[in-house]
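To start, the structure under review is shown below, and the notes come after it.
Keep in mind the model is a prediction, meaning the values are calculated, not measured. Only this structure's heavy atoms are used, side chains among them; waters, hydrogens and symmetry mates stay out.
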Amino acid sequence: MEKIKELILTTVPEAVIEQKQKLTVTVTYDKLHLLAKTLKENAALPFDTLVFLIGMDRGEELGVNYLLSPSSDLSKEIVLKTGTTDRENPLLYSVTDLFETAHYNEREVFALFGIRFINNPDMRKFFLNGDWVGYPFRKDYDTNPELNPLSIESKDIIDIAPRIMEVDGKLVEEEVNIFGEDDYIINIGPQHPATHGVMHFRTSLDGEIVKKIDIHSGYIHRGIEKLSEALTYPQILHFTDRLDYLSANINRHGLCMCVEKATEIEVPERAQYIRTIMDELNRMDSHLLAWACQTNDLGATTAFIYGMREREIILDIFEKTCGGRLIINQNVIGGVMFDIYADFQKDVKAFIIYMRDKLKEYDRFFSHNVIALGRMIGIGNLSKEDTISYAVTGPAGRGSGWSCDIRKHIPYALYDKVDFKEVIRTEGDSYARYLNRLDEIEQSLHIIEQLIDNIPEGDICAKTKAIIRLPEGEFYSRVEACRGEFGVFIESRGDKFPYRLKFRSPSMALVSAMPLICKNEKLSDFIGIGGSMDYVIPDIDR
Amino acid sequence: MSSVLKYFSGLFTGIRSLLTGMGETWKELWTKKVTQQYPENRDTLVISDRFRCELTMPHDENNEHACTACGICQINCPNGTIVVTPKMIETEDGKQKKILDTHKWDLGMCTFCNLCVITCPSNALKFENTFENAVFNREKLKQQLNHEGSKMREKKKEPVAPKVEEKETPNA
Amino acid sequence: MILNYSQPLEITNLTSWLDTTLRSSMSEFWVLLIEFVLVGVVLLAAYAVIALILIYAERKITAFFQARYGPNRVGKWGLLQSVADMIKILLKEIIKINRSDRFLFFAAPVFMIVASMLTFGAIPFGKGLNAIDFNIGVLYVTAVSSLGIIGVLLAGWSSNNKYSMIGAMRSGAQFVSYELSAGFALMTIVVLAGTMQFSTMIEGQRYCWNLFNGHISSMIAFIIYLISGHAETNRGPFDLPEAESELTAGYHTEYSGLQFGFYYLAEYLNMFIIASIATTVFLGGYMPIQVHGWDAFNGIMAMIPTYVWFFGKTAVLIFLSLWVRWSFPRLRIDQLLNLEWKYLLPINLVNIVLMVILVLTGLTLTDLFPGLF
């Protein structure tokens, strides 16, 4: 990392380097792109993954934090910070040409903070309508409902994207049409059986072939990050279950870890065991649902019901342990809320045996079915370079040969103590993603098997202070959720409320890759690929 | 020749995989059905003790509860589901004392996060697993948890054995 | 050979009694008129009843494949469920779609139902239980059943909905392709049976079903007919025109109430029609199982009414179709066409030639073992 510091200073001599929780580099807005490019293209340790892109209202200044990692070693991290004091017309330079995943994140920052990015090819607001008054995540946002009245009028969608490009050193404002004149456009969503939630894909078709996809999101955006700024840390916890509700426990684990690291709370051993086991049960629950939905998207309704049937057993275990089935409220800061119940080990062990048997059945029933193979092999190809550029993590990223399992790279909880295999395939098609999920279920079973008999006695939760205050600073934590890397960023100003809270949602990266991999595929395959990516919409519409 | 071979081997492996799949569904045709026959199975239905459905304030046989009307649950509730109204009374020795007047909870707003229960310093609240909460009117979801005419249990009695050991002191 | 034993349960007794009674009291014209009306009413009623039974059976069998119970709330074991559904469909509002082609929109479901009605009428349900017995029965059925596609195409076009349109275009491509295979498979058997008339064809299968008579060739034709028939009825894994995870409901997305009911009925009836044609052509139709020389056995078999034989065989085929439907994922449109044009059709063409050779060289089972079959 010393070399990297040198590299930064030679590239941008006036950069301010601080060692906070992460190595933090602050630069002026005109130098950021250069620095990011240098970091990405240096031969020794290319920082080619954009993990976080966080819009910030720092009071005087509007800015963005970028967390970069090398794709080969996700444990190395650099935070780049930049900002502008122009609150009327804030302009920053886009990094979309370096990291594709920045595209939608920058559009999100534009919608919520009003920062426009020069050279981003499509600078429409993401999540919000173009005519929304004000930028909700700014600290001085006017919440008066009369400014943005509820409209019951039907509005036409305008497929024109404004953007600011830099041509020969001058800024040019332009507008581009998303679709051609004669395109046959159909709206897949927001209400559609196969979008897995309230997602809206405007799709132009050439017969059955998908030519272009334009993603509209935000139909169920709840502003959780903004809401959190007025709540105490224990209160925020209940929101995390409602992001990606299928990896509720893991999301919550991520936020708890972030607070625990910041306040240096030691989590008891027993709590770590329970957390890890519950996380893995949660992962299986999610992967089973993903499997079921994917088969359903491919038209096999029967397989869908089998998947749901097996998932039910996990939900029953959740219900008995923590009184919830989907939203399970298990983790709290310092440990877990509920101890395991008397028959927990027995139930889980019975499930392990049952699930292994069912995995074999899935294999015979669907994994080798000639129709299913035809619908998955070679469909929705995502190359490793694109995977990294779009920051597609989780089973989908590992299906394209990118080792991106946070459990291996930055072990947390008990993942450094258990033996498990990171499932990686290199094909990058729907089938690789499909098989990855089934194999990860097997790995989860394996992890649980190692832990279930060794749960130590002891406390399930550390004693915490009456009021949990985070010290001043910026805190990051990253966990491996069911769909990929889930991240939490908290900026604290020493209060009991966070100054800014940001969740990195794995689903957003998955969806942002959809236009790329669905291009020139058939309409049916678009649905099938969507199933194989397995995004969850509330995770995107935070 | 190899393409012909490929054509037929593809055909036959395809057919075999289809037949295997049909074999699995045939087996499933005779397996036990998993649908729960609610409400017929109400008598045998087991709902986990910890299942959170309805917030209650346990009262003992003397119609006494443990709530001191401190309002910590109300402060901790993330979305304002709980409203605690205290009232002041004069005790026998002439001191002013704050006691509970009404403890209101809105089922329709509750996210069942359990924060009120784990932060309550006197273990006065508990989530019950009575899950049949459907009503015809939204007003009926708003419940008063303390019973009519109930009063606070005296200190000397032990409170109901706490369900959750771990306790977080509230952030008042 | 004439059946020389009593068959107390045959409906033929009833019909011939009715015919004689009528004829004894009125003129030829009136007799025919009354009989036509009666036949029409009975067919319509049978159409509706069979569809209701099929819907119930499908839901129940599907549920059992999927580890569920299926409908079990309306009536004992949910027996009245499909009746309740029918009443619901009849009561629902027929929604008029803005900017749709009103006339075609209303005409489309009628095309669909008329096509399946016309085919339905030509099916021999039992001995003497067919409305009409053409000498070109097979040809007629093939021709008339393909009219239904017009209903689908019109529905897709007139709904002014892009999803419907895509569904209809898919359906068109699928139907035209698979019609070929189904036709060729039937022709293979026509070569074997030497007739296109259903009654003669069934009579010819007294001791040996066409399925066994032409052994290899018949088996192939049978499988191909089942696949392509299944595809023609737009049911999974060939349900692309209404692929619910892709096109919501495909060509009938915009229909409601009775018009949707027409499509729904037609879909189930088409499944029944395909199964019953397969029964008639391959499995000896309403003919009971008969073995040369086993007179006692034959007598017992013949005691069971012919329509029970017919519906029994058809039910087995329908179960097969449900089993297939609920086991496989859906094909994509290019795979669907691949299957037809690269596999089924070439195999089919070779198969016809094979059958001709079998028949000409006397290699069918009846030719090889005349005493046995």
Checklist entry - Which one of Ser524(A), Ala300(A), Gly207(A), Gly531(A) has the most heavy-atom pairs closer than 4.5 Å to chain C? => result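 Most pairs with chain C among the choices: Ser524(A).
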Item to check | Most chain C-contacting option - heavy-atom pairs closer than 4.5 Å, from Asp525(A), Val370(A), Ile185(A) | outcome: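 Greatest number of close heavy-atom pairs with chain C: Asp525(A).
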Given a strict heavy-atom distance threshold of 4.5 Å, which part of [X] is in contact with chain C: side chain, backbone, both, or neither?
X: Arg309(A); result: side chain
X: Ile188(A); result: both
X: Ile379(A); result: side chain
X: Phe304(A); result: neither

Next on the checklist: Tell me if the aromatic rings of Tyr306(A) and Tyr362(A) count as close, with their centers under 6.0 Å from one another.
Outcome noted: no
Checklist entry - Side chain, backbone, both or neither: which part of Met165(C) has a heavy atom under 4.5 Å from chain A? => result side chain
Checklist entry - Under 3.5 Å, is there a donor-acceptor pair linking the side chains of Trp291(A) and Glu310(A)? => result no
Checklist entry - Does the side chain of Ser507(A) pick up a donor-acceptor pair with the side chain of Asp539(A) at under 3.5 Å? => result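 There is such a pair between these side chains.
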Next on the checklist: Give me the atom names and distance for the closest heavy-atom approach of Phe238(C) to Leu331(C).
Outcome noted: CE2-CD1, 3.3 Å
Next on the checklist: Keeping Asp429(A) on the side-chain end and Gly380(A) on the backbone end, is there a donor-acceptor pair under 3.5 Å?
Outcome noted: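 No.
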Item to check | Donor-acceptor contact present, side-chain Ser256(C) to main-chain Glu93(C), <3.5 Å | outcome: yes
